[in-house]
Protein chains: 4
Amino acid sequence: MADIARLVRDIADEIAAIPERGDVATYIPPLATIDPGHFGLCIVTVDGAVHAAGDTDEPFSIQSVSKVFALTQALGKIGDTLWRRVGREPSGTPFNSIVQLEREQGIPRNPFINAGALVVADVNLSGHEPRVAIGELLRFVRYLADDDTIAIDEKVARAEQATGFRNVALANYMKAFGNLTHPPELTLGVYFHQCAIAMSCRQLAMAGRYLMHGGLYEPGGARVVSPQRARRINALMLTCGHYDASGDFAFRVGLPGKSGVGGGILAIAPGQASIAVWSPGLNENGNSKLGTLALEKIAEVTGWSVFDR
Amino acid sequence: MADIARLVRDIADEIAAIPERGDVATYIPPLATIDPGHFGLCIVTVDGAVHAAGDTDEPFSIQSVSKVFALTQALGKIGDTLWRRVGREPSGTPFNSIVQLEREQGIPRNPFINAGALVVADVNLSGHEPRVAIGELLRFVRYLADDDTIAIDEKVARAEQATGFRNVALANYMKAFGNLTHPPELTLGVYFHQCAIAMSCRQLAMAGRYLMHGGLYEPGGARVVSPQRARRINALMLTCGHYDASGDFAFRVGLPGKSGVGGGILAIAPGQASIAVWSPGLNENGNSKLGTLALEKIAEVTGWSVFDR
Amino acid sequence: MADIARLVRDIADEIAAIPERGDVATYIPPLATIDPGHFGLCIVTVDGAVHAAGDTDEPFSIQSVSKVFALTQALGKIGDTLWRRVGREPSGTPFNSIVQLEREQGIPRNPFINAGALVVADVNLSGHEPRVAIGELLRFVRYLADDDTIAIDEKVARAEQATGFRNVALANYMKAFGNLTHPPELTLGVYFHQCAIAMSCRQLAMAGRYLMHGGLYEPGGARVVSPQRARRINALMLTCGHYDASGDFAFRVGLPGKSGVGGGILAIAPGQASIAVWSPGLNENGNSKLGTLALEKIAEVTGWSVFDR
Amino acid sequence: MADIARLVRDIADEIAAIPERGDVATYIPPLATIDPGHFGLCIVTVDGAVHAAGDTDEPFSIQSVSKVFALTQALGKIGDTLWRRVGREPSGTPFNSIVQLEREQGIPRNPFINAGALVVADVNLSGHEPRVAIGELLRFVRYLADDDTIAIDEKVARAEQATGFRNVALANYMKAFGNLTHPPELTLGVYFHQCAIAMSCRQLAMAGRYLMHGGLYEPGGARVVSPQRARRINALMLTCGHYDASGDFAFRVGLPGKSGVGGGILAIAPGQASIAVWSPGLNENGNSKLGTLALEKIAEVTGWSVFDR
């Protein structure tokens, strides 16, 4: 797959030259000071080959990309009963909207908006201490990426905790509707730490392999989730993975993907590739501006869009 | 592809035996009197083979499925400038909601909710008499299906016109925001007739072939739309084709699809098949109850889900 | 009551000198061309004395002020059963909002937002031709004002009809919920003509007397409505008469009042005065900017606020 | 004023006989166990006479009635700059709605919905310890009622704190918009204690006298607030004092009033009377069912409605 190696290099070069890089997230200091000039790209193809370019080994805050792994973990714990507490529909509203919760009695629209991710964190907490649940998720991500160096950025976690009033509001609001089982501050503790996981593009692309391989760790390897579950997580990533720009991402890129405000995106081409891209500048919807562009180009050149014949 | 032939027969038999068939749409008399016992299925595979079972040649009111063809026609007329007047995001609200329009200044969320389809009809009208625009769309659909017997059910069109107060409201509301160029009653005339097109499953599956063939009429045949446009229409069908149950359809079926309240669904497996199914009983979201079930089974057996590796 | 005479003159002088007069309504040409320099004021006190200053005899388009008279007429026809079709609560949204209607199944919040006034017009139509209902309302207003020269400005009525897409939307939307009994275009015909009634400040203040006199035409005169109904109409004017600025009007002025986009306001000091003011420039909420200011000063000086001891 | 004495007795007798008393609030245990058979009424007339009947000396949890005194206190601290942080319009939504806050960027509609009262509590906190601010408010209420026995029910305060997830959500949500200056938990501490003030009808009617006397403690007495401020607080009580049933209360009763979920209502007839009523059963809007009825009868008999001539 020499073409992919070249494609990865070409795109990294092309993106490096673009002056307009979007704005980095400013809501917490550790993110606000990231240099928007960073760009990392890593593609793991179905044959196991790893193609990387740019700042591919520099860890960044994966933020909401963690929701994919946390969802996988929660489905492993309680299976489809999760869907009694969270929906599977695009929200039509921004990631941190509380309006929809009032109309729908505390049931978040999907597991990728913040409210839904808090329910998922509440499931993963399952009566343990927050640090136990966080440790379990971290071990799961390390296993998926086959890399034990992955860690939580405590500075980011503390900053989230200090300024996350809106998430505190969401958690307490759902608690009022009975849709959190633990004290909100414990569930929030899990959530804030989960968002603070730091990973490089290489680690992230490796961790996403099970979604390319129909639920297997690698071809012929251990089963992480059933094929149906892998498909369904991919479906959720496509319809809900980019908040109220999910439709546009499907329209332009055509791949299941999950973005984070740290500027990372994990995208899956089922049966083809697991792709991680990082560019810290965001567009007006809070998704990585140049990361989205890179994925659009990759899909165009490779024909990996799920809507391609 | 003997398996497909058998699959089609098996599913038709299985569905026929299900007693709980959902409720037929009752808002206009011609739809309210349809026997919910009907079931039709037709799959055209990429090799051109046609597999049909059940009431596959009985015409039904395609209703909102027509929005796919009208969108294709409008994009042919004005290209991507269409997207200045209509969005590409799932709405998060029912098909006939007016709330979103107020918040977003008369710009409908996507071309498959009623408001968006009215903008599309307004584009297709393009200064002509309504009957000219309707004739043009009808000829386009006949061409796609290679069947000149496809016609508009005038009784349905008149009934829509007599009771479509909510659509009249949507059209006038957008007119107030300047997002209709024609008098609302003319645009509505086009829309009501478009919804009243009657097609059989066989005709509908044939008409959808260009979306399976990356925009070609048939392999090696004439180009209907560019590959990119075919992909993008498929993306819109996946994210927005089933109103506020689009996420669930993607989750369960995993195919681009567009439903109508007449009980028909057109689903596309890019590069694999164009599928039409008809069962008049609807579920609580207004989509065909058993049609959705049939498609879920087809996707499960064939592995045609776009999220399958 | 020499003080009132002087107050009226002083205020007219003071207002005339204010350069910032707000913006006249521009949605229909006959309103857009009104000179914002106009100012009229008329106070009829409980003793029958009439104090006027400025352009007090120049007719202007009363627009939504007509909703007070139409409501009185509808309550006369069907009494409190009206409240099954329209609420009595402030809406918290602009005068022409459609959002609330969707949430509350076609029941408008109150009779002074456009949707509510359309229900009132539908009641007043009561099976007759629109011109009969309009004639009846016009005769009622002439009787109240004791002035047979009051007329409808047909140019305004036609302009409303030609551009009132949002009102057409509201009417059809309620029709879809079954909350209009007549064809929407007939109800709209009544509504558009009602809004086009032209009255001077003198005529308007005279017409409002029954609300100052506890329902009597004049002290010792004929009964127009019961004391309870007069009180209740005043209550509705206070809580809902200025759309989503009703709270502010109550806070600053403290009188039941009803504004119109033509720049007129009718305000009632129960047991004290009926006041009409006209200044065509509007504030950001669509209420007369200097008219509101004049009423604030009048209430301050006279102590007529209903919240004054 | 023998009539008032008799009226108070008659109404107490009449209400005692009504079997359908509404449902007591159940969200915290100390309220859920109150006997719905209680009824208390106290009217202090402008001449200083106190007329009481029923359980007029039994303290109950005044809950949201406290918002009137807290607002008065906050206006004393920062004057009209308060209105930069909270609106003066009826909300059109339930007392604990969070939807409006999202649309309006963290600015509550008025100081009587929970969100607005939290801003008021934040103003009253003004850099002190919560217990200092609570002590100050308690002293103010004791002064107004001329009764040093008024106290906070600590059991109620603790129960509010333990279950007030929705208020925690509101506070954190506004903090996210920068509309709280203190840590949310401190502001909430003030708010929960303020709601837990226990007062009898007699104490409450006494405490409301300054709003009947145009801002004076008693006729000829000390000034609590300016006449304008008294008027304006009354205006806010009329337009916003009963949440989304404020319009109906104005329509039926016609007096400025503030209700609490403990079943108490304070109503003011400016220049005539300060009225406190208590009946723990609530109607569907969360206001005292029989308390509202009693006030409707009082207004009818006395002609104290502000809309009466």
Side-chain angles (χ1 to χ4, degrees), chain A residues 46 80 83 87-93 97 99-100 103-104 109-110 112-113 211-216 219 227-240 242-256 268-273 285 299-300 303 305-309, chain B residues 46 80 83 87-93 97 99-100 103-104 109-110 112-113 211-216 219 227-240 242-256 268-273 285 299-300 303 305-309:
Chain A
V46 72
D80 284 344
W83 306 118
R88 299 187 298 244
E89 292 299 324
S91 68
T93 49
S97 172
V99 165
Q100 174 264 325
R103 204 171 40 216
E104 292 169 24
R109 265 296 169 96
N110 66 63
F112 292 152
I113 54 174
L211 293 172
M212 135 173 80
H213 294 315
L216 297 181
Q228 188 194 53
R229 185 161 291 164
R231 257 194 335 258
R232 290 179 161 190
I233 294 172
N234 282 332
L236 286 164
M237 289 171 74
L238 190 101
T239 55
C240 313
H242 282 72
Y243 312 120
D244 52 348
S246 297
D248 195 59
F249 190 83
F251 185 88
R252 289 171 57 196
V253 178
L255 293 176
I268 304 297
Q272 305 278 3
N285 295 105
E300 187 66 39
S305 160
V306 300
F307 304 112
D308 237 321
R309 58 191 179 123
Chain B
V46 72
D80 284 345
W83 307 118
R88 298 188 297 244
E89 292 300 324
S91 68
T93 49
S97 172
V99 165
Q100 173 265 326
R103 204 171 40 216
E104 292 169 24
R109 265 296 169 96
N110 66 63
F112 292 153
I113 53 174
L211 293 172
M212 135 173 79
H213 294 315
L216 297 181
Q228 189 193 53
R229 184 162 291 165
R231 261 195 331 261
R232 291 179 159 189
I233 294 172
N234 281 333
L236 286 164
M237 289 171 74
L238 190 101
T239 54
C240 313
H242 283 71
Y243 312 121
D244 52 348
S246 296
D248 193 60
F249 190 84
F251 186 87
R252 289 170 59 194
V253 178
L255 294 176
I268 303 298
Q272 306 279 4
N285 295 105
E300 188 66 39
S305 160
V306 300
F307 304 111
D308 238 321
R309 58 192 179 121

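Computed over heavy atoms, backbone and side chain alike; hydrogens, waters and symmetry mates excluded. Lettering follows sequence order; numbering is per chain, from 1.
Ranked by heavy-atom pairs shorter than 4.5 Å toward chain B, the options A:Ala269, A:Ala245, A:Ala250 are led by A:Ala245. Of the listed residues A:Phe249, A:Trp83, A:Phe251, the one with more heavy-atom pairs under 4.5 angstrom with chain B than any other is A:Phe251. Chosen from B:Leu238, B:Leu211, B:Ile268, the residue pairing most often with chain A at heavy-atom distances under 4.5 Å is B:Leu238. Chosen from B:Thr239, B:Leu255, B:Asn234, the residue pairing most often with chain A at heavy-atom distances under 4.5 Å is B:Asn234.
Interface residue A:Arg252: backbone and side-chain heavy atoms are both found under 4.5 Å from chain B. Using a 4.5 Å cut-off between heavy atoms, A:Pro227 makes no contact with chain B at all. The part of B:Arg109 that comes within reach of chain A is its side chain, from C-beta onward, which places non-hydrogen atoms under 4.5 angstrom from that chain.
When all heavy atoms of B:Arg231 and A:Ser305 are compared, the closest pair comes out as CD-OG, 3.5 Å.
Distance check, rounded to the nearest 0.5 Å: CD of B:Gln228 to CZ of A:Phe307 gives 13.5 Å.
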